[in-house]
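Have a look at the structure below, then the notes.
Letters A, B, ... mirror the listed sequences (proteins, then strands); counts begin at 1. This is a predicted model, so every value here is computed, not measured.
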Amino acid sequence: MIFGSGIIRGMFVTLKNFATSYFRKPDEGGLFTVEYPEKRIPLKERFRSFPFLVYDGTPENLRCTACDICARECPPKCIYVVRAADQDGRPLRRPAAFTIDYSVCMNCGMCEEVCPFDSIFMDHEFEIASQDRYRELVYTLTKLLKSNEYFNNIRPRDAQAVDKKRREAEEKKKLAAAQAAKPKLDEPPKPV
Amino acid sequence: MDEKTVTVQDTNPMDTETLEVNFGPQHPSTHGVFRMNIVLDGETIVSVKPVMGYLHRNHEQIAENLTYAAVMPYTDRLDYFNSMANNFGYALAVEKLARIEVPERAQYIRVIMAELTRLVNHVSVIGFLLNDLGAFFTPVLYAFREREKILDIFEAISGSRMMCNYFRFGGVKRDVSDADLEQIRKIVQKFPAFLDEFEALLTKNEILCMRCQNVGVLPPDLAVNASITGPVLRASGVNYDIRKVDRYSIYERFSFRIPLGDKGDVYDRYYVRILEMRESVKILEQALKGIRPGEFIHPKSTSFLKLPRNFKPPVGEAYGRVESPKGELGYYLVSDGTPQPWRYHVRSPSLINLTVLEDLCVGHKVADAIIILGSIDIILGELDR
């Protein structure tokens, strides 16, 4: 082979790519740059960024019971939970403070997996850049709480599965309660 | 002094002093925060002393204070280019330790993910190698175009492009949908065409051949003695691949060949990677054909997902290893029956492959040291841990 033919062949590849990039589709080697932030690629449903807390209806009606499992299992230990107490000092099933340090969080999704009350989930929000690490990136309870509708909006499949599971559990609970309350009249008389 | 009496006796007529140069830790060609302490005689390298530890994050000690499950996201950060392969090795080690079975579908998903990572790694390593050679960003951007498609798949399946955290003990985190499988099929189908194009651009390029051939030759006996693994070892002509030797997971079901190099120079290391990608495509085709609906995680291990602190492997030790794109990636675990590993050690291929750097570099020019380092394929996250 003539010396230099490899280079020329390579040049043809770049020329071909340059010319055809104007005609081909983006996923077939065409121009695929998206002009962020004016245009955005739709996020995948399973995409995970940072954790948030779900509430049903109103923010007072939050699902979190301050069980502290997420804080214990969090690999970089960025979740801090303080359990609420009534006037007598007895612990309540809700958090007094729930803080996540987003600057420490490593987006692994462990909290979402271990939560037994379907309360904490991974968000799609990723544009959280700010000037102040402490004032902006340490998220407190008010900033973390988001509605179930929002959750249904960003991750419809996961949210519907969770809602179904919760409904079934509720019905089961109601049924059990009704069963317990009902007097046992129709019990067959014991044979004498 | 009479001019005629001066004769050149020494091969080094200038008789200058040697020059010590510090490459890095902020030099772009060192692929991260790695420092090479090079002693130069003119342009020729006399000695190389690698200086490591700039990215040390105490990975092993952190893992010994966490539950077994919580180590998984940390393994992503070892070799951040192929987090799926890292997950694979750790999952294998824990499954060996706790004797957990993995269902059929999960095995297939794992192999598909591991081979896709190999494509991602090799294609970008070749791109970066060309960058080091001075082919500024054309090859690497062609490579990244393909890599991006695979990373999109990873995002759709695991939730994250690079820090996947996808494998679990006894399976994978979530099932792969048929649409995703279809997308993978499409990528795998088109990949050989891309490789042909990539090869037309590079393989017979005279500049690449002249710069890479006979540079940084690694003799097979030295490679074996220094326990080099992965494409660097195979480029020296030693037939050793953990996928064939250990036959972990379900690799014995697929027919694929191990490409071997001839001389062990930088060019062979480049070309072995190209051929390995072609074999990976073959494995992927077979795996995509063989995958059947079923469980993606063993029903027994789902309870550990909810309560990682209840996961207490029996007392003992285990070593799980995979053929990661860089070489043999091994995890050594010792359990004392508590939820935390008593000892956790990572055998990282980047670190061990780097030990021959001085043998490869001495006698070559400075510019060659950079491509030799690029051809060894190190990732500092794994090197320093």
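- Between chain A and the options B:Met163, B:Glu146, B:Arg161, B:Arg174, the largest number of non-hydrogen pairs under 4.5 Å is found for B:Arg174.
- The candidate from B:Ile157, B:Ile62, B:Asp76, B:Leu202 with the greatest count of non-hydrogen atom pairs under 4.5 Å with chain A is B:Ile157.
- For B:Arg147, there are no salt bridge (Lys or Arg N to Asp or Glu O under 4.0 Å) partners, not counting sequence neighbours.
- Contact annotation for B:Cys164: only backbone heavy atoms (N, CA, C, O) come within less than 4.5 Å of a heavy atom of chain A.
- B:Asn87 and B:Asn165 share no donor-acceptor pair across their side chains, judged by distance under 3.5 Å alone.
- A:Thr58 and A:Asn61 are not linked by any side-chain donor-acceptor pair at a separation below 3.5 angstrom, with hydrogens and angles left out of the test.
- For B:Glu197 and A:Asn17, the side-chain atoms include at least one donor-acceptor pair closer than 3.5 Å.
- Most heavy-atom pairs under 4.5 Å with chain B: of the set A:Arg9, A:Glu113, A:Met110, this distinction falls to A:Glu113.
- Identified by a heavy-atom distance below 4.5 Å to chain A, the contributing residues of residues 127-143 of chain B are B:Thr138, B:Tyr142, in residue-number order.
- Ranked by non-hydrogen atom pairs under 4.5 Å with chain A, the options B:Glu148, B:Met72, B:Glu199, B:Arg168 are led by B:Arg168.
- Taking the charged nitrogens against the carboxylate oxygens, B:Asp178 and B:Arg185 have no contact shorter than 4.0 Å, which rules out a salt bridge.
- The greatest number of non-hydrogen atom pairs below 4.5 Å with chain A, out of B:Leu201, B:Leu307, B:Val71, B:Thr203, is found for B:Leu201.
- For B:Lys173, the part lying under 4.5 angstrom from a heavy atom of chain A is the side chain only.
- Residues A:Asp163 and A:Arg155 are not paired through a salt bridge, judged by the lack of any N-O separation under 4.0 Å between the basic side chain and the carboxylate.
- Comment: B:Arg57 does not engage B:Asp384 in a salt bridge, judged by the lack of any side-chain N to carboxylate O separation of less than 4.0 angstrom.
- Contact count versus chain B (heavy atoms, under 4.5 Å) is highest, among A:Glu45, A:Arg72, A:Met11, A:Lys77, for A:Arg72.
- The closest side-chain donor-acceptor pair between A:Asp101 and A:Ser103 falls under 3.5 angstrom.
- Applying the salt bridge (Lys or Arg N to Asp or Glu O under 4.0 Å) test to every pair with at least one member in residues 136-147 of chain A, sequence neighbours left out, gives these pairs: A:Asp123-A:Lys146.
- Sorted by first and then second residue, the ring-ring contact (aromatic ring centres under 6.0 Å, His included) pairs involving residues 163-196 of chain B (not counting sequence neighbours) are B:Phe88-B:Phe167, B:Tyr90-B:Phe169, B:Phe169-B:Phe311, B:Phe191-B:Phe194, B:Phe194-B:Phe198.
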